[in-house]
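Residue indices begin at 1 and follow the sequence shown. The basis for the numbers below is simple: all heavy atoms, side chains too, and nothing from hydrogens, waters or symmetry mates.
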Amino acid sequence: MQLQCCCFGGPANPQNNSYETLFFIVDLHAITLPHDAQELSKATRSTAAIYLACGIDTTKASVFVQSHVRAHVELMWLLSSATPIGWLNKMIQFKEKSRKAGDENVGVALLTYPVLMASDILLYQADLVPVGNDQQQHLELTRELAERLNYLYGGRKWKKLGGRGGSIFKVPEALIPPVGARVMSLTDGLSKMSKSAPSDQSRINILDPKDVIVNKIKRCKTDSFPSLEFDNPERPECNNLLSIYQLITEKTKEEVAQECQDMNWGTFKGKLTDALINHLDPIQQRYQEITSDAAYLDGILSDGARKASEIADATVSNVYQAMGFLKR
C-alpha cells in the first residue's frame, strides 16, 4: 500500500517571504477503496518517513497524519450537508474508478472523498494548494464549496449568531509548478505515472533499489524518431523522459534540450538512470535513518498533529457557530 501526502500553504511570513506549510499523510483517503488493514499503519509510517527524507524542514513546516486531526472528518460532514450530489457525480476520477470496479464494489467514500479533500484544505484557511493538472477539478470543487458556505452562513448571518462575520473560509488558489505538474508513465507517455497503476514497471518509486531503476529505464517505452526533443505531440514518451531528467537535474528546459538533442536513446537512458540513482540515493539513506528511530518519527508526527489541530479546531468551531449549532 502506498499513500500520498498533501501540502498546503498558509499566510505569508514576512520575515522569510515564504509560507507556513502543512504536509500530511492522507490515511483517511486511503480507505476509499478496499485496503489491507494490516498494511495501513505500516504504509502511513513509511510515507511520513519518505517525505521527511526528501528534505522537509520540520522547524518551518508541520508534518502529521490526517486521521490524527479529527477535525478533518468533522468538517467533511458539515460540508457534505451543503454539497449538491450533482457536483460529486461530475467528478471524473469517480466516474473512471466506479466504472472499472462496478457499483457493487464501490463504497460511498469514493463518491464523497472530494468533500474530505475540500475539508483538508479549508480547515487550514490555505492560500495556495500545490496540485497537478489532474487535481484541478477537485480544487475547483473546494473553491465552490468555500464560496457556497460563505454565502449560506457567513457575513451578517454569522455575526447575528455571535461570530465575527465576513467569510468563514478563504477561497484557495492552485499552485501548479511549471515543470513536473503531470509526470507520465514509463510504459505509456499519454497516461499519468501513478502509484496505483497495476504495473510497477510504469513508475519510479522513491525506494526502488539501483538495479530496479536500471531495469525500469532500460525497458521504458521510447520511439524510433532520430534525436531527442521536447513538445512534439507525436513523441509523448520523449517529452516525458526529458522532463523527468530536467526535474531531477534541476536544469532548465533549454539546457536539457541543448545537452540531449543529438543523443540516441541508449546514451540518454544511461544519463537518466545515473541521474535518478544519484538523486534518490541520499533520500533512501536518510529514509533508513528515520525508520530506524521510531521515537523520532513519532515525535515529529505528534508535534505536527498538535500544531495542525490548533488551526483546524478553530476553523471547525467557527463553522459550528455559523451553522447554528449549540455551543459546547
Side-chain angles (χ1 to χ4, degrees), residues 4-9 16-19 21 23 50-51 53-57 61 127-140 172-195 197 201-206 208 210 212-284:
Q4 291 179 316
C5 184
C6 289
C7 169
F8 308 126
N16 60 16
N17 197 33
S18 62
Y19 285 82
T21 311
F23 295 87
I50 286 173
Y51 279 90
C54 286
I56 294 174
D57 185 347
D127 293 288
L128 297 171
V129 185
V131 292
N133 293 326
D134 60 317
Q135 289 296 330
Q136 287 191 74
Q137 187 185 38
H138 289 131
L139 182 59
E140 192 54 40
E173 299 287 342
L175 179 63
I176 301 176
V179 181
R182 190 173 174 84
V183 178
M184 311 309 283
S185 167
L186 296 179
T187 56
D188 179 4
L190 297 175
S191 299
K192 178 188 171 186
M193 185 181 287
S194 172
K195 69 186 187 308
Q201 178 66 33
S202 66
R203 58 186 173 269
I204 298 292
N205 302 301
I206 289 178
D208 277 347
K210 294 178 183 179
V212 172
I213 295 174
V214 170
N215 184 56
K216 286 182 176 180
I217 298 302
K218 186 180 294 184
R219 296 175 58 195
C220 71
K221 185 178 179 182
T222 57
D223 56 43
S224 57
F225 287 80
S227 72
L228 304 179
E229 60 184 333
F230 283 103
D231 301 326
N232 184 336
E234 296 183 15
R235 306 186 67 185
E237 287 79 20
C238 185
N239 186 73
N240 183 46
L241 294 175
L242 287 173
S243 297
I244 292 172
Y245 182 71
Q246 179 189 349
L247 274 172
I248 58 176
T249 59
E250 298 184 346
K251 296 180 179 181
T252 67
K253 188 173 183 179
E254 292 71 25
E255 287 172 334
V256 172
Q258 180 70 27
E259 177 186 357
C260 302
Q261 61 182 349
D262 295 325
M263 288 184 185
N264 58 38
W265 279 116
T267 302
F268 175 73
K269 283 186 174 184
K271 288 187 72 71
L272 178 58
T273 299
D274 290 343
L276 281 165
I277 291 172
N278 292 335
H279 182 73
L280 293 178
D281 184 61
I283 295 173
Q284 293 173 356

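- To the nearest 0.5 Å, atom CD1 of residue Ile244 and atom SG of residue Cys220 are 8.0 Å apart.
- Put simply, the side chain of Asn239 reaches to within 4.5 Å of the side chain of Asp231, judged on heavy atoms.
- The line from OG1 of Thr273 to CG of Asn278 is 10.5 Å long, rounded to the nearest 0.5 Å.
- Smallest separation of non-hydrogen atoms from Met184 and Lys192: CE-N, 3.7 Å.
- Partners of Pro236 under the side-chain contact (heavy atoms from CB on, under 4.5 Å) rule, at least two apart in sequence or in another chain, are Leu190.
- Judged as a ring-ring contact (aromatic ring centres under 6.0 Å, His included), and not counting sequence neighbours, Phe230 has no contacts.
- Looking at residues two or more places apart in sequence or on another chain, you find a side-chain contact (heavy atoms from CB on, under 4.5 Å) between Asn264 and Thr267.
- Residue pairs meeting the salt bridge (Lys or Arg N to Asp or Glu O under 4.0 Å) criterion with at least one partner in residues 267-277, sequence neighbours excluded, are Glu259-Lys271.
- Listed by first then second residue, pairs satisfying salt bridge (Lys or Arg N to Asp or Glu O under 4.0 Å) with a partner in residues 234-245 read Lys221-Glu237, Asp223-Arg235, Glu229-Arg235, not counting sequence neighbours.
- Put simply, CZ on Arg203 and OG on Ser185 are 9.0 Å apart, with the number rounded to the nearest 0.5 Å.
- Atom-to-atom distance recorded for Leu272:CG and Thr249:OG1 is 9.5 Å, nearest 0.5 angstrom.
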Before giving the answer on side-chain contact (heavy atoms from CB on, under 4.5 Å), spell out for Thr187 and Arg219 the whole-Å C-alpha distance, their side-chain angles and the decisive distance to 0.1 Å. CA-CA 8 Å; Thr187 56; Arg219 296 175 58 195; over 6 Å; no
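- When every heavy atom of Ser194 is checked against every heavy atom of Ser202, the shortest pair comes out as O-OG, 4.5 Å.
- Here Cys260 contributes atom SG and Gln246 contributes atom CD; the two are 10.0 Å apart, rounded to the nearest 0.5 Å.
- Annotation: side chain of Ile56 is not in contact with side chain of Thr21 (no heavy-atom distance under 4.5 Å).
- Here the straight-line distance linking atom CG of Asp262 with atom CZ of Phe268 works out to 13.5 Å at 0.5 Å rounding.
- Judged as a side-chain contact (heavy atoms from CB on, under 4.5 Å), and not counting sequence neighbours, the contacts of Leu247 are Val179, Val183.
- The shortest distance between side-chain heavy atoms of Leu280 and Asp208 does not fall below 4.5 Å.
- Using a 4.5 Å heavy-atom threshold, the side chains of Cys54 and Ile206 count as touching.
- A 4.5 Å side-chain heavy-atom check between Leu186 and Leu241 finds at least one atom pair inside the cut-off.
- Between Tyr245 and Leu276, every side-chain heavy-atom pair lies at or beyond the 4.5 Å cut-off.
- Within the 4.5 Å cutoff, the side chain of Lys216 has heavy atoms near those of the Val212 side chain.
- Side-chain contact between Cys238 and Phe225: absent, with no pair of heavy atoms (C-beta onward) separated by less than 4.5 Å.
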